[in-house]
Amino acid sequence: MTQAIDLQLDQHEKDVSTMIQASLAQHVIKALQAAQNAQELTLDSLPSEIKIETPRDPSHGDYASNIAMSLAKSAKLPPRKLAEILLPHLQGPLFQEVSIAGPGFINFRLSQAWLLQQLQGLIQANQGFGQQTNGDPETYLIEYVSANPTGPLHFGHGRWAVLGDCLARLMRLAGYSVKTEFYINDTGAQVNNLGASVQACYFQAAQAAGQTLDAEALTLIETYLAEKNAETKGQVQFYHGQYIQTLGLSLFEHQGPAQLAADLGYFSDYAKSAILAEQQAQLKQFGVVFDEWFPESRLHHEQAVAEALKHLKESGKTYEQDGALWFRSSDYGDDQDRVLVKQTGSNTYFANDIAYHWDKLRRGHTRLINLWGADHHGYIARMSAAIQALGYPKEALQVLLGQMVNLFRNGEKVRMSKRTGDMISFGEVLEEVGTDATRFLLMQRSADVTLDFDLELAKSQNSENPVFYVQYAHARICSIFRNAANLQAYDATAWPQASLEALVAPEERILLLKLLSYPDELKFAASQREPHRLATYAQDLAALFHSFYKQCRVLFEKEDVTSEEIALSLARLNLVKATQVVLRNVLVDVFGISAPEVM
RNA sequence: GCGCUCGUAGCUCAGUGGAUAGAGCAACUGACUACGAAUCAGUAGGUCGCAGGUUCAAAUCCUGCCGAGCGCGCCA
C-alpha cells in the first residue's frame, strides 16, 4: 500500500513540485515511514489519503495537517506525542518552520526562498501553469444540454451548457481525458408534434395568402388553434411558441404553396433542422463547443436499440408481462422494474436511452458523466441499473444534477409558461446580458442550489457584478505593464531578471501563496466535478491582488528613485506578472471568458 | 405517502470532519495632487432550520422532525 502511494507520487513528480498540497502530503507520508523504520511508531497501515488543509487563521501557518489526530487511535499515542515523533522527520527546503499546535495540528510555514523559486516557475510555465497529468486511465464522456430540437434553448439549458463546458475544461486541465457530446432527440412523437405544429402554421400562412386548402388541412388548423386558445390547462399536443409561427411563415415565404401536399415528415425535418441550427449557433456564440453531436436517429439506423434489447433479453435481464417487455431494474437498486417495449409494440424512451448509453460505452468511453436537470433525478436509478445489467461497473455512470434557474428582473420573478410557449429564451438573455457575465453568473454557484439570476444585476457594469471585479484586476495589471514600458526613471522592463528577495510584505506573501495554490484548487475542483469552486478562487485572488496593489506601490515614477525602490519595483512586477498569468488562466481556460486588457 | 436537492448574516451565496463560521451586496465610517476609486481600509450584522446521535473534534457524517423546490408514466 505504501508502495502504491509512492509510485503514484513519483510518477507525477513534475506536477508535485507545483502542487503544494501533494508535496506536503508526500512529506507527511515519508515522515510516517521514517518514524516506522526508526521504530518510533507502529501502524497497521498508512492512511490512503493525507489531507492537507489551509488554517483559517494565517498565524497558525501556511498549511496544516491533522494526521497526528487522525492516526492517534491506531498508533495508540496521544496526538501531540505522535506529532512530536513526526516533527524531526519533516524536513526539506520548502519548510521555514514546522510546529505543533492546539490538540495536535502540525503546522507548516513555507520558506520564503522556496516560495520565490515557485514564483519563478509559475511565470515560466505561464499559460501551462495549473495544467496537470493525473494518471487516471479512464476516458470520460461528458454529455450535457442535449435539448430536444423542438424549441429554443431555455435558460436552464444555459446553465447546463456553462457547467458542462467549464467542467470539461477543468477536467482536461487537471489531466483527465475528456470528450463532450450533445445528444439530439431527433425522432419520436415530440418531433412529429413539432412537424404538425409547423405544418398547421404553414397552412395558416397559405390560407392568409389566399390559397385554397383541403379539408384535412383546415381540420389541422382548427385543432391547432383550438388547443392554443383553450381556457383550461391540460395535456398539450402541439407547440405554440412564437418560433413555430415564424417557421411556418418563413416556409411559406420561401416555398409558396409548393409544400401543401408534403407529408408530416417533411415539416418535422424542416423544423428540427432549423431549430437545431439555431441551438448550435447560440451555443457557439456562448463559447460552448461539443466534440460530438449525436442524433438519436443514428441509433435506429444502426439497429442499436434492437441489439441492446436482444442483449438484455439473452442475458435474462428482462421478462414479458401484460403484453409488454420489462427490464429487471429492481435487481440493481431501482424501486421497480421498467418497461422497455410497450403493449403497442413501440419502444419506450428508456429503451432508446439504454441503447444510447451502451453505444457511448462501446465507443470506448469508460466513464460517462451526464448533466441532467434535477427534474430527471428519478431517472438515475434505472439508467444506473441498465449500465450494470449491460455488464459495466456502477462507477461507469456518474449523473450530475443541476437545479433550476429562476429569472428575475429588478427583483421580480419573470413568469414562464410552457403551455403557451411564453418564455424568455436563452438566446434573448444572452443577447441582453452578454457572454462573459452570463457564463460567470451561471457557473459561480454550486449546481446543487436553485439559482436566482437577475437580468438587471447581470447587465450592471458595477461592483455588484462579480465578473467585472475579477476582470478589472486583470485589466489593472495590464495597465501597470503598459506604464512600466514607458517609465523614464528606470528600466522597469528588466523585471524578468530581477532578484525577488525584496518581496517580504505580508500582502505579497499571502498573494503569492494564493497564486501557488491554483493547481491544488484546479485538481480538487476537477475531482469533485465542481467548477464553481474556481469562481470563488478567482474572486479571492482578485481581492488579494487589489489589496496588495493598494498597499504595495509597484512603479516609482519619481526622479529621485532609490536603488532599493527599483529593486522592490522589479521584484513586485514579477508578482504582478504571476497574478496576471493565473487570472488569465482561470478566466480564459476554465471559465471560457475574456481576460480584458482594458475595460 | 415515497425519493432527490436545498435550508449558513437583512439579501445572494462560499465553506475538503478541524483551531475564533467567511465573501459580495445592502447599512454605517474613512481613503484618490504617484501605478485604473469598476478599488481599498474599517464598523456593524450569526440559536449554521429544530432535536438527538457518532467523534478527541460536526455547518459538514447518521437518525427523526419542520420548511422550500423538484420528481414519483407502457410520456419524451
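It should be emphasised that the depicted structure is a prediction, and the values quoted were computed from it without experimental measurement. Letters go in sequence order (proteins before strands), and every chain restarts at 1.
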Going by atom type alone, with no hydrogens or angles, which donor-acceptor pairs under 3.5 Å involve a side-chain atom of residues 548-559 of chain A and a protein atom two or more places apart or on another chain?
unit_1	atom_1	unit_2	atom_2	d
A:Arg553	NE	A:Leu555	O	2.8
A:Lys558	NZ	A:Glu565	OE1	3.4
A:Lys558	NZ	A:Glu565	OE2	2.9

Any pair with a residue in residues 342-356 of chain A that passes salt bridge (Lys or Arg N to Asp or Glu O under 4.0 Å), sequence neighbours left out, goes on the list, sorted by first then second residue, please.
-> none
Please list, pair by pair, any protein nitrogen or oxygen found under 3.5 Å from a nitrogen or oxygen in nucleotides 13-16 of chain B.
unit_1	atom_1	unit_2	atom_2	d
B:rC13	OP1	A:Thr450	O	3.1
B:rC13	OP1	A:Asp452	N	3.4
B:rC13	O2'	A:Arg445	NE	3.2
B:rC13	O2'	A:Arg445	NH1	2.1
B:rA14	OP1	A:Ser446	N	2.9
B:rA14	O2'	A:Thr536	OG1	3.2
B:rG15	OP1	A:His532	NE2	2.8
B:rU16	OP1	A:Arg533	NH1	3.2
B:rU16	OP1	A:Arg533	NH2	2.5
B:rU16	O2'	A:Lys51	NZ	3.1

Got a sec, which pairs hit ring pair (Phe, Tyr, Trp, His ring centres under 6.0 Å) with one end in residues 436-456 of chain A, sequence neighbours left out?
-> A:Phe155-A:Phe453, A:Phe440-A:Phe591
In terms of heavy-atom contacts, A:Ala174 and A:Asn134 come closest through O-ND2, 3.3 Å
A:Trp372 vs A:His357 aromatic rings, parallel, tilted or perpendicular, using cut-offs 30° and 60°?
-> perpendicular
Which of residues 332-341 of chain A sit near RNA chain B, with a heavy atom under 4.0 Å from it?
-> A:Val339
Geometric cation-pi criterion A:Lys317 and A:Phe327, 6.0 Å radius, 45° cone = no
Please list, for nucleotides 38-44 of chain B, all pairs of protein and nucleotide N/O atoms separated by less than 3.5 Å.
unit_1	atom_1	unit_2	atom_2	d
B:rA38	N6	A:Met599	O	3.4
B:rU39	O2'	A:Arg476	NH1	3.1
B:rU39	O2	A:Lys550	NZ	3.3
B:rC40	OP1	A:Tyr469	OH	2.4
B:rA41	OP1	A:Ser547	OG	3.1

Please state whether the base of B:rG71 and the side chain of A:His376 form at least one donor-acceptor pair under 3.5 Å?
-> no
Kindly say if A:Asn193 contacts the phosphate of B:rC75, meaning a side-chain N or O under 4.0 Å from OP1 or OP2.
-> no
Has the side chain of A:Asn107 got a donor or acceptor atom sitting under 3.5 Å from an opposite partner on the base of B:rA19?
-> yes
